[in-house]
> 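For reference, the structure I am asking about is given below.
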Protein chains: 2
Amino acid sequence: MASEKVNLEATRHSASHVMAAAVGELFQNVKYGIGPTIENGFYYDFDLARQLTPEDLPKIEEKMRLIIKQDLPINCKELSVEDALRLVKELKQPFKEELILDLKEKGEKTITFYTIGDFTDLCRGPHVDRTGQIGPFKLLSLAGAYWKGSEENPMLQRIYGTAWSTKEEMINYLKQLEEAKARDHRKIGKDLGLFVFSDLVGKGLPLLTAKGATIKRELERFVVDEEIKRGYQHVHTPPLAKVDLYRTSGHYPYYKDTMYPPMKVDEEELILRPMTCPHHFMLYKSEPRSYKDLPIRIAEIASQFRYEKSGELTGLMRVRMFCLADAHIICTPEQVKSVIKEALDLIDYINSVLGLTKGQDYRYRLSLGDRADAKKYYKDDKAWDKAEQTLREVLTETKAPFYEASGEAAFYGPKIDVQVKNVLGKEETAFTVQYDFVMPQRFNLTYVDRDGKEKQPIVIHRSSIGAFERTMAFLIEKYGGAFPTWLAPVQVAIIPISDKQLKYAQKVAEEISSSFAEENLSVRQEIYGQNETMQEKIRQAQLQKIPYMLVVGGREEEAGTVAVRARNGENLGVMKVAEFSARVEKEIIDKK
Amino acid sequence: MASEKVNLEATRHSASHVMAAAVGELFQNVKYGIGPTIENGFYYDFDLARQLTPEDLPKIEEKMRLIIKQDLPINCKELSVEDALRLVKELKQPFKEELILDLKEKGEKTITFYTIGDFTDLCRGPHVDRTGQIGPFKLLSLAGAYWKGSEENPMLQRIYGTAWSTKEEMINYLKQLEEAKARDHRKIGKDLGLFVFSDLVGKGLPLLTAKGATIKRELERFVVDEEIKRGYQHVHTPPLAKVDLYRTSGHYPYYKDTMYPPMKVDEEELILRPMTCPHHFMLYKSEPRSYKDLPIRIAEIASQFRYEKSGELTGLMRVRMFCLADAHIICTPEQVKSVIKEALDLIDYINSVLGLTKGQDYRYRLSLGDRADAKKYYKDDKAWDKAEQTLREVLTETKAPFYEASGEAAFYGPKIDVQVKNVLGKEETAFTVQYDFVMPQRFNLTYVDRDGKEKQPIVIHRSSIGAFERTMAFLIEKYGGAFPTWLAPVQVAIIPISDKQLKYAQKVAEEISSSFAEENLSVRQEIYGQNETMQEKIRQAQLQKIPYMLVVGGREEEAGTVAVRARNGENLGVMKVAEFSARVEKEIIDKK
């Protein structure tokens, strides 16, 4: 299995070189950037005289197939740095030259090159021995990419491809890709009318329509009510503060580049907040605290502002302003373990409500600090040791599925990342639980302990569901827009067969509403009264992914019933309105 | 009655002059500012060599009483502008000199002066004839006040006083003042721990504690749910946008001074929003609209930012950032009347839930535009006529108590202001319903009418409860902190008589919680388990104005009951937990 993985990696790497060779045959004066493997495939960056179009891809694939068919050997040679520089100059490859100079600076003495036919490329390897060993592959897409990722460098053209050991694997993957494209939250968000962007409002600043805002509100109320039940104090603080607040916290130098610029007003210099902790510390400090009061769990649905680069903005996934289900638990050192356990328990609960299975759809990552990097990590080895050990113990004791990663911690301490698989099966950090031994010092947070002495608490920064925008993007893709009933923007579509049943449709809606009101609940329903055929109305409701369609004709009106259809087309039968209401009420209460 | 009012006005004005005369006798080189009457009293601004202290007030009152006792005549004389200038120069009164020059510039030819004994003061009058006619009075407080209200001018010392026709009236007023001071939301907010301010966060930016945030959340959910029930679409839009958005709306030149400064990020110039309408217009414009879709009611609990002067900031009442229950109803011209009626109906409903009686606690003001002022009011006489007539008709047809006021309109149209009496009985504009015929043009809002033609809708800007911060301030003062059960941060205090009943107290709390959960409701309760006497715990719960105290001793534990006390000390008797739960559930559902 392990060697297979290595082989696949080498196959993809070789496919990338073959693609580069093919491009070199099809175009003149190609300047090569880099061509690494990535998850499920590879890419290569080129500087070309003309802009590539999707129509070029089959032609390049054709050339690649020829090279593969020839079963050419892939030969490696090692050159001294000087010879290597001479070679790439001869080949007129300035980007490669730059790479070799970078390697030289890092102290490399020799450089390896791989050759396929006439094409020789600077490369660390490994590769398969012969091009014939490359299995099924496909070129997928084009993109612009700055040389070395910097906007100050020239823009190159990138070709993405995928390669696999078997045809079956590739077909599966391409299906998955197709599915992901269909589930792209930007596409579904548009189809279902959940959110829009506006040039006049600005980039990365989504406007949620009533439908999108309904999902956000349901998630928000769910999280707030659940957290309050678990002893959190939900507060409300302003999303801006004096820059001094972030100088005190030490965030300003670290986060300055991703913060909005300060606003000078009168004698004050204000700034939009990139995180909530300092505001919560101000609330903590607003009265004296005793060990009896701890742990204090200060929570907030907090607006935060981060200045993401425009190239990185992606629908609701990467935005310039978001609402985080944030909290800061301030506790004694003795309480840290139980506090983190309860934070993980809440995350497990919320994830289960959202339909995520632990170990399968998500797991934990213990992110440790790179102690050597004093610029990125606060210097206090003893505190780091203790914190990391505590987190490790919690994860082990709760039998949480987790792995460890170095150099991923916050500057003030190690953290547990919640790693969730997206619709492509790729793991991403959704949000975190952080151990903080630095902020209590910086803000001089204290409590009076049992012995009457002032002591310093520990702060646990945590979210429970992450940023609502991002969570919404994730859920849109997970459910493909077919939200569970409790989250669906419209839960019930009442479809009169003809205009004659319009009044009855209205009566049904009222009966459902009052049944819900009796249970102190509310329901979101729409009457499809437009002048169209029943089939067309059902089609529209299905496109809107409304969980239930109640078709009402003359027979239903006479019997005081509704014919219930699910959005997947399933016929759930004819039932009394009360029976239908009770069914949906239960689903909503159970968050199904 | 009318002449009595004039007399009271003259009395207060004369009292102000008598105070000025008294200050002139007690201090040397007094420079006089202005000394007008205000609601319930008067003030005078002085430039004095030393800072006044509250201890000075009785001394000034003493001198005033002497002057009144002497029953001096108050004589009026008329001088030419030149003679007037000569006189105030002689009197070494530079502020008066400035006032006369202002009057001269306005074209005044003659200036009146009033004299009491040795004290002669520039004044328009009217005054009572003799100082003996001044009734009971009292000096109330000191404050700093810039000359002509501008921070660039010198700061003067202001003395506030009150004067009445009868002793009884004055005693009543002073009682009311005392009561208002006790109910000041800043004081109660501190006593009950509802909100705090922080120097590091910034001025005018309150941080709501869990208790304060609970009130806000309850109000917010109430408004959102009620509005959705009434056909509003609740959306969520970002609290900032490109400055261009406010250039398009035309707000930028009008509101620039009260907006935060723009933030330059990349190629975009962003600014915190002072109002929500342009964002909602962007949502309206995001798809084509038909007459069948109208009216569209776009609502939001919207964060807004206004840069108020630091001198005007007052607790939660005047802040630099607030959350408005905002909405923009976009409708055809034919729908305007019914749309405004439904907006007023919602306001009446919400006010009734908050315990406000129409005509008694609040009324409406029809605010008309001053058509002559082209700078402040958009020029379109016909549109103004129609809009004003429409609003007048709505108010008349709905038999709403209202009065008319000129020059109070928005720049884009007339409005109906909701005038609410504060705890001092003073009427203030809480929020408004505005008729807007300008923004639809500026943003090119359209809908396709029945005849297939594109037409321009009308926009109604409205709130339903106003800004939550301000509403909270108002409610804190109205209820004196003793919130109705549904709003109370803590609704039930469970007070075990001794430690022996701690377990039973816990059991009671759980029983109440699950009774609430069965009804899909939640309850906010606290167990007073601290090691103190029952009396002390009851006292603490009463200070926190918790609606219900459940005292549980051995007897209650045996019988499975609770002894219920109201916060006013009333004994509500011993009852089964279920009976108590049902009572509180009903109150919460009924918003009592």
Side-chain angles (χ1 to χ4, degrees), chain A residues 193 196 198-203 205-210 212-214 216-217 221 224-225 228-229 232-242 244-245 248 260-266 268 270 272 278-279 282-283 285-287 298 300 303 305 307 309-310 320-321 519-522 524 589, chain B residues 193 196 198-203 205-210 212-214 216-217 221 224-225 228-229 232-242 244-245 248 260-266 268 270 272 278-279 282-283 285-287 298 300 303 305 307 309-310 320-321 519-522 524 589:
Chain A
V196 300
S198 153
D199 284 345
L200 265 179
V201 170
K203 286 182 190 153
L205 297 171
L207 292 84
L208 301 187
T209 64
T214 298
K216 178 166 186 280
R217 185 173 59 251
R221 289 190 181 184
V224 170
D225 292 347
I228 288 174
K229 227 186 272 171
Y232 285 88
Q233 308 186 358
H234 261 272
V235 304
H236 182 76
T237 63
L240 74 175
K242 282 156 72 173
D244 283 345
L245 189 66
T248 304
Y260 283 71
M263 294 167 281
K264 183 106 177 88
V265 273
D266 283 1
E268 291 184 341
L270 293 162
L272 292 172
H279 281 89
M282 292 300 107
L283 276 170
K285 282 169 75 79
S286 70
E287 45 181 304
I298 303 178
E300 182 169 6
S303 297
F305 298 78
Y307 191 67
K309 283 182 191 162
S310 69
R320 284 185 173 165
M321 183 211 159
E519 303 293 321
N520 300 309
L521 299 171
S522 64
R524 297 183 289 271
I589 291 169
Chain B
V196 300
S198 152
D199 284 345
L200 264 179
V201 171
K203 287 180 190 156
L205 297 170
L207 293 83
L208 301 187
T209 64
T214 298
K216 179 166 185 280
R217 186 174 59 251
R221 290 190 182 185
V224 169
D225 292 347
I228 288 175
K229 227 186 273 171
Y232 285 88
Q233 308 186 357
H234 261 272
V235 304
H236 183 76
T237 63
L240 75 175
K242 281 156 73 174
D244 283 345
L245 188 66
T248 304
Y260 283 70
M263 292 167 282
K264 184 107 177 84
V265 272
D266 283 0
E268 291 184 342
L270 293 163
L272 292 172
H279 281 88
M282 292 300 106
L283 276 171
K285 282 168 75 80
S286 71
E287 45 180 306
I298 303 177
E300 183 168 6
S303 297
F305 297 77
Y307 190 68
K309 283 182 191 162
S310 69
R320 284 185 173 164
M321 182 212 159
E519 302 294 321
N520 299 309
L521 298 171
S522 65
R524 298 183 288 272
I589 291 169

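Sequence lines set the chain letters: A, B, ... in the order given, protein chains first and strands last, and positions in each chain run from 1.
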> Based on non-hydrogen pairs under 4.5 Å, which of B/N520, B/I589, B/D244 is most in contact with chain A?
B/N520
> Check whether A/M263 gets within reach of chain B through its side chain, its backbone, both or neither, counting any heavy atom under 4.5 Å.
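When you check distances to chain B, atoms from both the backbone and side chain of A/M263 fall under 4.5 Å.
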> What option among B/P239, B/P262, B/S303 has the most heavy-atom pairs under 4.5 Å with chain A?
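Maximum pair count with chain A is reached by B/P239.
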> What part of A/L272 lies closer than 4.5 angstrom to a heavy atom of chain B: side chain, backbone, both or neither?
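Side chain only.
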> Could you check which of B/T214, B/L207, B/T237 has the highest count of heavy-atom pairs closer than 4.5 Å to chain A?
B/L207
> Heavy atoms only, distances under 4.5 angstrom: which of B/L205, B/V196, B/T248 has the most pairs with chain A? Name it, please.
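Answer, by heavy-atom pair count under 4.5 Å with chain A: B/L205.
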> Which residue out of A/E287, A/K203, A/Q233 racks up the most heavy-atom pairs below 4.5 Å with chain B?
A/K203
> Could you tell me whether the side chain of A/H279 and the main chain of A/H236 form a donor-acceptor pair under 3.5 Å?
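A pair under 3.5 Å: no.
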> Can you say whether B/K242 sits under 4.5 Å from chain A via the side chain, the backbone, both, or neither, judging by heavy atoms?
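Contact with chain A: backbone and side chain both.
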> With rounding to the nearest 0.5 angstrom, report the CG to CG distance, A/L245 to A/L270.
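Interatomic distance, A/L245 CG to A/L270 CG, rounded to 0.5 Å: 10.5 Å.
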> Below 4.5 Å, heavy-atom pairs only: which of B/R320, B/R221, B/K264 has the largest tally toward chain A?
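It is B/R221.
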> Picking from B/P206, B/G212, B/P261, B/S522, which has the most non-hydrogen pairs under 4.5 angstrom with chain A?
B/P261
> Side chain, backbone, both or neither: which part of B/Y232 has a heavy atom under 4.5 Å from chain A?
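Neither the backbone nor the side chain of B/Y232 comes within 4.5 Å of chain A.
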> Could you check whether any side-chain heavy atom of A/V201 comes within less than 4.5 Å of a side-chain heavy atom of B/P238, counting everything from C-beta outward?
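Yes, side chains in contact.
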> Using non-hydrogen atoms only, which part of B/E519 is less than 4.5 Å away from chain A: side chain, backbone, both, or neither?
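Contact with chain A is through both the backbone and side chain of B/E519.
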> A side-chain contact here means heavy atoms from C-beta on lying under 4.5 Å apart; do B/D266 and A/Y307 qualify?
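Yes, side chains in contact.
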